[in-house]
Every structure is written in C-alpha cells, then in structure tokens.
Amino acid sequence: MTNTVPRAASNKASAHSARNNWRNFGIIAHIDAGKTTLSERILFKTGEIHRTGEVHEGNATMDTMALEKERGITIGAAATRCVWNGHEFTLIDTPGHIDFAIEVERSLRVLDGAITVLSGVAGVQPQTETVWHQAEKHGVPMIIFVNKMDQTGADFARVTEQVRKQLGARPVPLAIPVGAADEFGGVIDVLQQRLLHWDAKGNMTVLALPAELQAQAQAAYAYAASIAAEASDALTDAYLANDTLTHAEILQGLRSLTLARKATPMLAGSAYKNAGIEPLLDAVIDWLPAPDDRAAPVATLNGESVTVATGDADPLAALVFKVTHDEHGSLAFVRIYGGSLHEGETIWNASLDSSVRIGRLYVVHADERTSTTQSGAGSIIAIANLKDALTGQTLSSKAQAWTLETIHAGEPVVALAVEPGSGTDRAKMLAALDKFRREDPSLCLENNVETGETILWGMGELHLDVVLERARREAAVDIRVGAPHVAYKETMGLRMVEAEGKLDKQNGGKGMYARVVVRLELLDEGDFAFANVVKGGVIPTAFFPAVEKGVQQAMQQGPLGQKVTGVKVTLLDGDFHAVDSNEMAFIIAAKEAVLAGLRKASPVLLEPVMKVTVDAPAINTGDVIGDLQRRSGRVLGITENTGRVEVVADVPLTRLFGHTNDLRSLSQGRAFASSVYARHSACDVAEASFV
C-alpha cells in the first residue's frame, strides 16, 4: 500500500543543493546478483532506514509489491532518495529478469549513471550483457560492483577479465577484495593505499596496508594512473614527467574517462555482509555524473531538432517515464530536464497537444511519499493523478511545445487468451488489464475478431503470470487463461520477385482505377524498407504516399497470416486514370501487388527463438541438457565453475512453456534459467501453434 508520510530528517542535505551535488543513478544487473540487497544496504548506510530487510524474508524496502515479497524478485523499478557526504542521491532499483526489461529501459532513459552489480561467483551473465548494452544505448556512464565476495567460488580477477572480454569494457579496479569466501577480509582502497575492513555488524575500520598487500596495491595504483593519464594532454605530460599521478589527478582523469564511457571503475564487496558499501557510495560521488555533466537532451520543435536548455528558469522540458496506479489514483514519475514544476500550475502535454494541471508533487521513497511544492531541472519527481499520463509523454509549456524522444518498449513475443470466470466480470477484467497496459508499454491487449478471444501479449511467461495475478488480487476478478500464443512472423523464401496489383472497377458512374508494379527483395538487415524508382509520370506524385500506405498494410499480414519481416519493396511502374484514379484505389492496388509477390516468393514462417541460459548444479548437467534437447533446443556451450554448470542453448519459444517448473523439479529447486529473445527462425507451418 502506498502511504503519504513525513520522512525522517536524518542525514539530510538541503533540498536546494546545487545540481553538481546531485546524482541520479540506477542499479542494474542479472537476476539474483544482489541489486535489491545492495539498495537496502545503501539506504541503511546513508541513514535513510535504521534496520535492513532481506529479499528472502520479504521485507526489503524497495520490494513494495506483495508479489515481489512473496516471490523474492523485483518486478517493478522502485525509486528512493538518500544523502551521502552532502550529495543527494536519487536511486532506482531495477528488475533483473528479462521479462521486465521495460523497467530497466525506461529507468536508463532518464538516469544519469548506473551501478552494474555482478556476482563474484557467476560473473558476467546473460542479462548482465542485456542491461549493459541498454545502458550503452543511452550513453549512461557506469561503475561496477562485484558482489558476493563472501561466497564460495568468488573470483574478482576472473570477473574482471569477463568484464573486459564479454562487455568490451575497460575496467579499472579501485577497491580490490582481499581473499574470498570465508577468507574475505575487506578491500584494498587503491587510491588511498589503505585496507578497509568490516566487522560482523558491518562497521568499517581503516587499517594500514599489510606488507604482503603493498605490491598488489601499488601495481593497481600505477595502472589507474596510467589510464587516468589518457584523459588530457596536461595529465599525459604530468604522467610522463613523474611516471605517476597524484591522487587528485587520478580522480580528475578517471572521472573524465568514466563520463565519456572510456573507463569503468570497479569495486568489490558483499552487500549481504554490509561490506564495501561506503567506498561504493564515495565512488558514486567521484565517478558518476551530476545532471549538468550529461549532454543536454535534444527535442523536436516544429519539425526541427533543438537542444533543451537545462536551467530552472528555462522553458519546461520533462519526460514521463513511468506510471503506476493504486487505491489513491495514478502516480506519474517524471524526469525534469529543463525548467521546473510547481504544484497547482497548468502546463502542456506536448505528446497529446492538451493542457494538464499539476496536482500534488511528491518525492517518492519506495512506497512512501513526501509532498513538495516545486521541483527543478535535473530532478526526478512524481505527480499525482496527472490526466491521461502515459510512459514516454513530454511535458512542456504551450509556448515552447517541444517533444523529447519517447521510450521504446520491446516487441511482445508471448500471448495468452484470457476470459473472466464469470460473464458479469468481463468489464472488470478488461478495466484491470487496461490499467496495467497503461502502466506497462510492453503489454498489449487485443481482441481477436475471428475467435472472439481477448489476447494479452507480453514479454514472457513470468511477465504475463505477474500481470494476471495482480489483476486477480487488485481487481478481485477471476481470470482464466487459454493456450499460449507466440509472435510468429513470415518472410520470403526467394531472394527477389516482381508482381502487379490492379484495381479496375466501374459501377455506372465514377470508377476506381490503379495499377502498381513492385519488386520484392529479401533484406539482409531490418524488418522493412520502401523505395520508389518510378520515372516519367506514370503515377502522379500525389499518389506515392497512398502506394506506400498500401505496401505497409500488406506487410501487417502476409499470405500465412503473420506480420511480414525482412522485405524491401520497390515501386517500379504503374498506371492511372485521369478521372477514376484516387488514393484508395492506389492503396488497394499496392496491397494486392505486395501480397501477390509474397505468395509468388514461397513464404516462410518464422518463429521466435530464445537464447536460454541454465545455471544448475554440475550433478544435474545431463538432466538439464536432456530437457533442453527434448524441447528442440540446440546447445551452444557448457561452462563449469565450482560445482555448478552453465548451459547455453537456442530453444524455440513455443517449446519453452513449463520449462521453469520442470527445471525446478529435476534439480530440487537448485537450478534457474533466464532467456532472452535471439531471433526469428524458419519453422514448419504444420507444427505452428496457431494452426
């Protein structure tokens, strides 16, 4: 339940701190790397909470949803604020499961920096690569925290090499663990050349470096200096003159390189044991950007790109990046890039071309809210009951109605047919699912006209399972589900064909006439492309948009009844009538031409294939591989590591349903799997689930 309560005043900096003392950052990682545990320890160390909760006990601060507490996983991104050494942090804890990738995507879209958490045992895992590349796409600078150094099999050096090879990053170790597992004895603070140790209660002690660690510490300092020297000519000159750099010079150089994503500071510890948190918090200040360190965003104004001014007094430019609903109404989370928001004022929703009134403004701490009257540029704030708010909308002034780049959700790949347990509950079911669709742009709700079914599309089994369970609980409606559907596509079986579409109708009065000739070719990359090489006025230019519209309509449903992908359509020739030709005639003719070409090209059905990674005890290797092969999986690799095995395979999505339950059974609950969309691949039409 969401509460509106006053927050404790401990460890608070002024709400009007200069923006260079702000840090907006997220915590991203593969599932079970320890993100939420780390968030909990950050809140504890900064004095925001006075007792730590645990994910496995269902009382972690950032897991606010009942399902999160019950299942021990993060489902929705949660925001909070805290303060460390005079710097105000806005922290967003994100999910690690691929089914909830939209939560990571929209968080990284508005954050300035991120902490990537890696397990010291498992290292770089499949979802690590996914979230890393999401951060790269948005140009988000990162630091790495290698967690779980207290567990058997933890190996900081191995993980560092994985970061270098698998992520293509340039790690700079700055807090190096001393020992691992039962022998984990703290970390070497490389730049201060000292040892940091934590007792059983998580209290930190600063110690002098023992003699046996000095050579390792000095080598790490020298490496950090050599990297920092690349940041500027002045630092290069200083390094060449002295064969090293001062502490302050390394801070300057590494900060510059980190912000440019040319280096990645790397630290280590154990969040569960409260070890390594303080140097990580210092690292957030030292290495991650303040709002003004990021390039000003680009918006579209009157069809042209413009750079947003980022001062409090500048025109408003804010992005709605998340919307939630509870018993109190809706809450829109907003990143303000320029200008400011004030309680009670009327602003402009540039995405809808309509005015909206700002009601209550809140600073959010997990499931608690603190009222505020205004918020300025660089901040992340929540607005209560913002009319018609959806993810990706831009808030502006009417006079400067620019639009920021929206937030793009992945294409859903799994669907279930849903129906209410009682006919009288249908409206209640649809209202609940529509609410979740407005919260989550990776959900899609549609009505199948042919079968009369209501179809709910999502990113995976777990995604849909969570949505339906929330609907049952929050809307008190019984929902029954049918067999799963998957997002098939189709493409051409031949490299190239040409086809004609012609419409010639006479109904006694004005007729309908159009002729279109097209060439269809397989694309090596991309879903669709359109080109026009018509010359000589055989088709008036006014009808070109109609031809393209007809082509696009044909691509939505090919001869096999699926969305067409990987095809380029080129308009080659055509004909028109001075009286009987119109836009609708050319739309119909173009659609006929493309469909005729697709039929001629021996259409091929494509099914989604997932890259599945199973982490299991080594003793279960044979059972895991056998189960994947029974699902038509193709094993790509097997890696052994300290009594466990990681099996990577390509598996058709249609064969993955029920995999999680079967995996738990064959491993007595000790194995887990993650899957990420790999590609669409040809399959047998007769075996497709929609037939």
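Here the structure is a predicted model, which is why all the values come from computation and not from measurement.
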**Q** List the steps and the verdict of side chain to side chain contact (heavy atoms under 4.5 Å, CB included) for Tyr362 and Ile381.
**A** CA-CA 6 Å; Tyr362 292 108; Ile381 199 73; 5.9 Å; no

**Q** Taking Asn242 for its side chain and Tyr239 for its backbone only, find out whether a donor-acceptor pair lies under 3.5 Å.
**A** no

**Q** Would you find a donor on one side and an acceptor on the other, under 3.5 Å apart, between the side chain of Arg164 and the backbone of Val159?
**A** no

**Q** Kindly say whether Gly253 contributes a backbone atom to a donor-acceptor pair with the side chain of Ser256 at under 3.5 angstrom?
**A** no

**Q** When you measure from the side chain of Arg23 to the backbone of Ile285, do you find a donor-acceptor pair of N or O atoms at a distance under 3.5 Å?
**A** yes

**Q** Salt-bridged, Arg158 to Glu161, with N to O below 4.0 Å?
**A** no

**Q** Between Leu628 and Ala649, which heavy-atom pair has the shortest distance, and what is it?
**A** CD1-CB, 4.0 Å

**Q** Below 4.5 Å, heavy atoms only, C-beta onward: do Thr46 and Glu278 meet side chain to side chain?
**A** no

**Q** Salt bridge or not for Asp112 and Arg335, using N-O below 4.0 Å?
**A** yes

**Q** Do His197 and Thr205 get their side chains close enough for a donor-acceptor pair, meaning under 3.5 Å?
**A** no

**Q** Got a donor-acceptor contact below 3.5 angstrom from the Gln151 side chain to the Ala181 backbone?
**A** no

**Q** Do NZ/NE/NH1/NH2 and the carboxylate oxygens of Asp93 and Lys35 come within less than 4.0 Å?
**A** no

**Q** Is Lys322 salt-bridged to Glu103, going by a charged N under 4.0 Å from an acidic O?
**A** yes

**Q** Determine whether a donor-acceptor pair (N or O, by modelled atom type, separation under 3.5 Å) exists between the side chain of Gln193 and the backbone of Ala217.
**A** yes

**Q** Is any side-chain N of the basic residue among Arg81 and Glu88 closer than 4.0 Å to the acidic one's carboxylate O?
**A** yes

**Q** What I'd like to find out is whether the side chain of Glu646 reaches to under 4.5 Å of the side chain of Ile638, using heavy atoms alone.
**A** no

